[in-house]
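Sequential numbering from 1 along the given sequence is applied to the chain's residues.
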Amino acid sequence: MQARRIGAVAATAVALVAARDLVQKRHALLRNFPVIGHARYLLETIGPELRQYIVTSNEEERPFSRDQRTWIYASAKEENNYFGFGTEVDVEHVQGHAYLKQRTFADALPDAHDPQAPLPSAKVLGGPRGRAKAFRPASIVNISAMSFGSLSGAAITALNKGAALAGTMHNTGEGGLSPYHRNGGDLVLQIGTSYFGCRNEDGSFNLDKLKDVVASAPVKAIEIKLSQGAKPGLGGMLPGAKVTPEIAEIRGIPVGKDCASPSRHTAFSDVDSMLDFVELLATETGLPVGVKSAVGELDFWQELAALMARGDRGVDFVTVDGSEGGTGAAPRIFADSVSLPFRMGFSRVYGTFAELGLTDELTFIGSGKLGLPENAAVAFALGADMINVAREAMLSIGCIQSQKCHTDKCPTGIATQNQWLARGLDPTSKATRTAVYLRTLRRELMKVSSAVGVAHPGLITADDVEIMNGDYEARTLAGVYGYKDGWGKLGPHLAKEITELLVSTPTSTNTRPE
């Protein structure tokens, strides 16, 4: 009798927990997996102890370590994101770790206590080429390209609403501009090789459709995707079973039929014709137009820089994606062994333009695991003007790095089209977390800039960072990547402009040498 009573009480308690889990909106995992989902949070709670004695340290997990994920989770939830007792980095022996050199004295610095943490770009996007709709991006941190189809509608909605709250831009990805992208956030419209949303029936590019899409939403810029870090030079196949009526309408393809994405563009075939295409889009829409690419052979970049040096044609920005960047699905060989990691790839591209004195004439955007303050700071020191974040933004809305993106079985409803799983993600609450994470990252970058003695991350230089080889040898970032004097620095007029924009009244006469 006693056993039955205990069993009944236990069953009632489990039922109550299950009911609560199903109706709450804070945790997508619990809505999709009531009761048993709590096991994940229990294991997370005792995870440090388990790893310390049984599995791995907080620094060993990949793609993102436990410490990195913990920082993002805590930041997004407005919890304490500090760490105690000292660094877990093996500073005595680790190779390749970057350290920023703080300054004892500095000029006037901006107020780092504004809750919105405003941090605009040091460059006007499209300004050097006189685009009709040139503008200064309000945030140096923006959300990278992730398509609806790769991500659920709920996830795209959360990210776009979060972008609006944080004052950042949201890249649509090559899958087209969906209704879920229309929740208030400013957009960068990405055009891939299949020209989804702006294509003819045969898959060729349609300018009129592009103009219609641009006019229908707050599109601030156009990005032509040449390749991405995790799968450069690779086409794709969207199986007919995944081409729902909704996907078909957004992408402009037939319902239920396979859709092959070519590995190369058909609207242009070389750098010269690509620049003609860029100028066509810029002229017809008035928007800044740029390209996104992973870095392999440098002939492409050298020819692009040489043609831009003539002054009559050019891209307004380049987005350099590192091989450590994320993807919904890619062959292992491409994810592991094709294209260069960000620091090496970006430095080579930047150097190509720097040799011709063109770095102030376009905006450099970095992507590939840059949504962490230390990685972002190094990117700015190398010459990046803005960064895009993707997986870090996913983590902010609940991603647990289950690495099931390619299976359509994402347990938190982010990287899936499974309606049952996607229903667990509440866009409203997750939008707030995205916004808080983006603001926190900007605030951390402001703090780091202040420590280095400058008003803006774009003023951190390659000489302000050292790459360590254990505790017995170090080289500056400039030395490691072969930067010449002046590389990685903003031109004097740009440096003065952004400093005056952020600092209203100077309080010191100290001058940091250029």
Side-chain angles (χ1 to χ4, degrees), residues 121-123 125-129 221 223-229 232-233 264-265 268-279 282 288-325 338-368 370 378-388 458 460-463 465 467 475-491 494-495:
S121 171
K123 293 177 180 175
L125 196 63
R129 300 209 57 77
E223 180 179 80
I224 302 168
K225 178 185 172 183
L226 304 177
S227 61
Q228 72 180 88
R264 305 291 190 276
H265 279 266
F268 50 87
S269 58
D270 54 23
V271 179
D272 189 59
S273 57
M274 184 192 78
L275 286 179
D276 286 341
F277 187 65
V278 166
E279 293 298 331
V289 180
V291 296
K292 174 182 179 177
S293 181
V295 182
E297 54 85 21
L298 288 181
D299 291 349
F300 164 77
W301 299 102
Q302 291 166 352
E303 186 176 356
L304 176 59
L307 289 175
M308 284 185 60
R310 299 177 183 178
D312 57 332
R313 296 175 301 164
V315 297
D316 297 296
F317 64 93
V318 294
T319 302
V320 177
D321 198 17
S323 62
E324 61 270 65
V338 182
S339 83
L340 295 174
F342 173 77
R343 293 181 186 179
M344 186 173 294
F346 183 91
S347 62
R348 292 184 182 182
V349 170
Y350 183 91
T352 300
F353 287 92
E355 286 282 9
L356 298 178
L358 298 174
T359 54
D360 284 352
E361 302 305 310
L362 70 163
T363 292
F364 291 91
I365 304 173
S367 66
L370 300 183
V378 172
F380 286 110
L382 286 171
D385 301 299
M386 298 194 293
I387 60 169
N388 288 340
I460 300 173
T461 75
D463 290 318
V465 181
I467 304 299
R475 296 172 63 192
T476 64
L477 197 65
V480 171
Y481 293 107
Y483 273 33
K484 298 179 180 179
D485 288 344
W487 288 16
K489 295 182 179 180
L490 293 170
L494 291 174

Quiz item: Which pairs with one or both residues in residues 306-320 pass side chain to side chain donor-acceptor pair (under 3.5 Å), sequence neighbours excluded?
Solution: Arg131-Asp316, Glu223-Thr319, Asp272-Arg313, Asp276-Arg313
Self-check item: Nearest non-hydrogen partners of Ala309 and Leu356, listed with the distance
Solution: CB-CD1, 4.3 Å
Practice problem: Quick one: do Leu477 and Thr461 satisfy side chain to side chain contact (heavy atoms under 4.5 Å, CB included)? Show the steps, please. | Solution: CA-CA 9 Å; Leu477 197 65; Thr461 75; over 6 Å; no
Quiz prompt | Spacing of Leu382 atom CG and Met344 atom CE [to the nearest 0.5 Å] | solution = 11.5 Å
Exercise. Could you pull out all residues at least two apart from Ser293 that satisfy side chain to side chain donor-acceptor pair (under 3.5 Å)?
Key: Ser227
Quiz item: How long is the gap from CG on Leu340 to CD on Glu297, to the nearest 0.5 Å?
Solution: 10.5 Å
Practice problem: Please tell me if the side chains of Phe353 and Glu361 come closer than 4.5 Å, counting only heavy atoms from C-beta onward. | Solution: no
Quiz item: So do the side chains of Met274 and Leu226 get within less than 4.5 Å of each other, counting heavy atoms only?
Solution: yes
Quiz item: Counting only heavy atoms not in Asp270, do more than 12 fall under 6.0 Å of its CG?
Solution: yes
Self-check item: Expected output: side-chain Lys292 to main-chain Gln228 donor-acceptor under 3.5 Å
Solution: no
Practice problem: Kindly determine whether Ile387 and Phe380 satisfy side chain to side chain contact (heavy atoms under 4.5 Å, CB included), including the steps that lead there. | Solution: CA-CA 8 Å; Ile387 60 169; Phe380 286 110; 4.1 Å; yes
Self-check item: Side chain proximity check, Phe346 to Val295, heavy atoms < 4.5 angstrom
Solution: no
Quiz prompt | Closest non-hydrogen atom pair between Ser273 and Ser269, with its separation | solution = OG-N, 2.9 Å
Quiz prompt | Phe317 and Lys123, any side-chain heavy atoms less than 4.5 Å apart | solution = no
Quiz item: Is there side-chain contact between Leu304 and Leu275, with heavy atoms separated by less than 4.5 Å?
Solution: yes
Quiz item: Is there side-chain contact between Thr476 and Tyr483, with at least one heavy-atom pair below 4.5 Å?
Solution: no
Quiz prompt | CG-OG1 distance between Leu358 and Thr352, expressed to the nearest 0.5 angstrom | solution = 10.5 Å
Quiz item: Judged by atom type as modelled, is there a donor-acceptor pair below 3.5 Å linking the side chain of Glu324 to the main-chain atoms of Phe342?
Solution: yes
Practice problem: Check whether any side-chain heavy atom of Asp385 lies under 4.5 Å from a side-chain heavy atom of Leu490, and answer yes or no. | Solution: yes
Exercise. State, with a plain yes or no, whether a side-chain heavy atom of Gln302 is found less than 4.5 Å away from one of Glu355.
Key: no
Practice problem: Measure across Val278 and Gly314 and return the closest heavy-atom pair with its distance rounded to 0.1 Å. | Solution: CG1-O, 3.6 Å
Exercise. Specify whether Trp487 and Tyr350 have parallel, tilted or perpendicular ring planes, treating 30° as the upper limit for parallel and 60° as the lower limit for perpendicular.
Key: perpendicular
Quiz prompt | Contact summary for Met308 and Val315, nearest pair of heavy atoms | solution = CE-O, 3.6 Å
Exercise. Could you please spell out the steps behind the side chain to side chain contact (heavy atoms under 4.5 Å, CB included) verdict for Phe364 and Val320?
Key: CA-CA 8 Å; Phe364 291 91; Val320 177; 5.5 Å; no
